[in-house]
Amino acid sequence: MKLPGLITLTKRADFLSAARGKRVSTPGFTLQMRRRGLDEPAGIRIGFTCSKKVGNAVARNRAKRRLREVARLVLPDHGHDTCDYVLIGRRDETAQRNFETLKADLIDAVHRIHA
RNA sequence: GCGGAUGGCUGGAUGGCCGCUUGGGUGCAAACCCGAGAGGAAAGUCCGGACUCUAUGAAGCGGCGGUGCCGGGUAACGCCCGGCCGGGGAAACCCGAGGGAAAGCGCCACAGAAAUCAAACUACCCCGCUUGCGGGGGAAAGGUGAAACGGUGGGGUAAGAGCCCACCGCGGCCUUGGUAACAAGGACGGCACGGCAAGCCCCACCGAGAGCAAUGCCGAAUAGGGGGUUCGCAUGGGCGCGCUUCGGCCUGAACCCCGGGUAGGCAGCUAGACCCUGUUGGCAACAGCAGGGCCAGAGGAAUGGUCAUCGCGUCUUCGGACGUACAAAAUCCGGCUUACAGGCCAUCCGCAUUU
């Protein structure tokens, strides 16, 4: 599905290279970031990871949707161009944490990862 | 009303703001408008099919795997319905891998004298010698065990034994009822035939394999081959368990054509053994007919995020607080199994009560 102003990651290789980049943890999620090379196309790219550790299929879906919603509201304004971001869900916390707090967490995390 | 049995349904509601997938419409386009958008189990992936591909189709014999009371339903099933038999329950009702042990092999722990083919530990009876042994009778009593060579009563006897009799059980036979499993009755036999087939086995019936990441089409790169038509189908080699018989096909030759098929894209992909209502047949599962309906199609994967109000449950200092099941389509159907907060309905059984 598309998110306005963002490009969704689809390749396993993109996720793996983002995992080798910088990372910032918050109570609700972990943020990973990789700055792409100059020869690659421009744009902010985003991916989501909710493994079996998050819970069953229903819990993983809910965590992924909240992360996607928070990314949709925050990243087009606060994300940096030519960067890949990956949001990793946590068990229980991602689904239960207050939504406004989760948004503030992401804005803070983006600032910290580029500091 | 209380306790219980069985079958089925449901599994939050409304509104605001911001989004996603998809069908249709308008528009040059941007976009806007109108619809549709998780489950009873979508789950486990345990059975059965549809569909697709593979150079194999029929018959016989064999092998391997599965199923296993009887009848019916179904596209099919290991599923469902009705019945039979055995067991449990006071009853409604529930449970059962429930073919064959006189085709054969094997096993039956411990205990016990003895575990299937013969026998005899204690005890019993008779005789002999004699105070404990020898010979014989018999298998009724005791004890062991999951199971002990029919059971109970009577006659009989030295003591006993189907040795004889009655009833019950068992066995094959006959009659009747039933499509059948089986049941009821009759005369006869005279006890002979223990259990395990979820150890091997025998019998009957069924069965190719791989799977939508199947498969087809469009197509960057790399390597060199790939495709079509016709002829032949003679020999050899081979082809979906083995052998035999019959048949088919591939490998062959000639001619013609040119891209190749991985990343990616498109198709397959949702109208179906479909759903609802009525009616007919049937005890039922189910089937027929008539009318109406369209009901998810994603592809790192939409079906949502957030705020508020209400409902329900628990607690409460009466302000409120907390909780609100299990579990999310992935080619599609029919089942089975397992998970599930709470709520609702129907039928039946027992007890209590009542005008």
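- The phosphate of B:G305 (OP1 or OP2) has a side-chain N or O of A:R62 nearer than 4.0 angstrom.
- Residue A:T49 has its side chain nearest to B:G300 when only B:A328, B:C307, B:G300 are considered.
- Taking for each of A:R97 and A:L73 the nucleotide of RNA chain B with the nearest heavy atom, the 5'-most of the two is the partner of A:L73.
- Computed from coordinates, the A:L67 CG to B:G300 P distance equals 19 Å when rounded to whole Å.
- Nucleotide B:C243 forms a pair with B:G60, judged by Watson-Crick or G-U wobble geometry with both contacts under 3.5 Å.
- Of all nucleotides listed (B:A329, B:G300, B:C18), B:A329 comes nearest to the side chain of A:A57.
- For A:N56 against B:A327, a side-chain-to-base donor-acceptor contact under 3.5 Å is absent.
- Look at A:R68 and you'll find a side-chain N or O under 4.0 angstrom from OP1 or OP2 of B:A301.
- Remark: A:E69 does not engage A:R66 in a salt bridge, criterion side-chain N to carboxylate O under 4.0 Å.
- Between the CZ atom of A:R65 and the P atom of B:G300 there is a distance of 16 Å, rounded to whole Å.
- Rounded to an integer number of Å, the gap from A:R72 CZ to B:C20 C1' is 9 Å.
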Which pairs would a plain distance check flag for residues 48-58 of chain A, meaning a side-chain donor or acceptor within less than 3.5 Å of a matching protein atom at least two apart in sequence or in another chain?
| residue | atom | partner | partner atom | Å |
| --- | --- | --- | --- | --- |
| A:S51 | OG | A:K53 | N | 3.2 |
| A:N56 | OD1 | A:V58 | N | 3.3 |
| A:N56 | OD1 | A:A59 | N | 3.1 |

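- Place A:A95 and A:G47 on RNA chain B by their nearest nucleotides, and A:G47 ends up nearer the 5' end.
- Ring pair A:H114/A:H80 is parallel by interplanar angle, where below 30° counts as parallel and above 60° as perpendicular.
- Remark: B:G350 base-pairs with B:C2. Criterion, Watson-Crick or G-U wobble with two distances under 3.5 Å.
- For B:U306, the OP1/OP2 oxygens have a side-chain nitrogen or oxygen of A:R66 closer than 4.0 Å.
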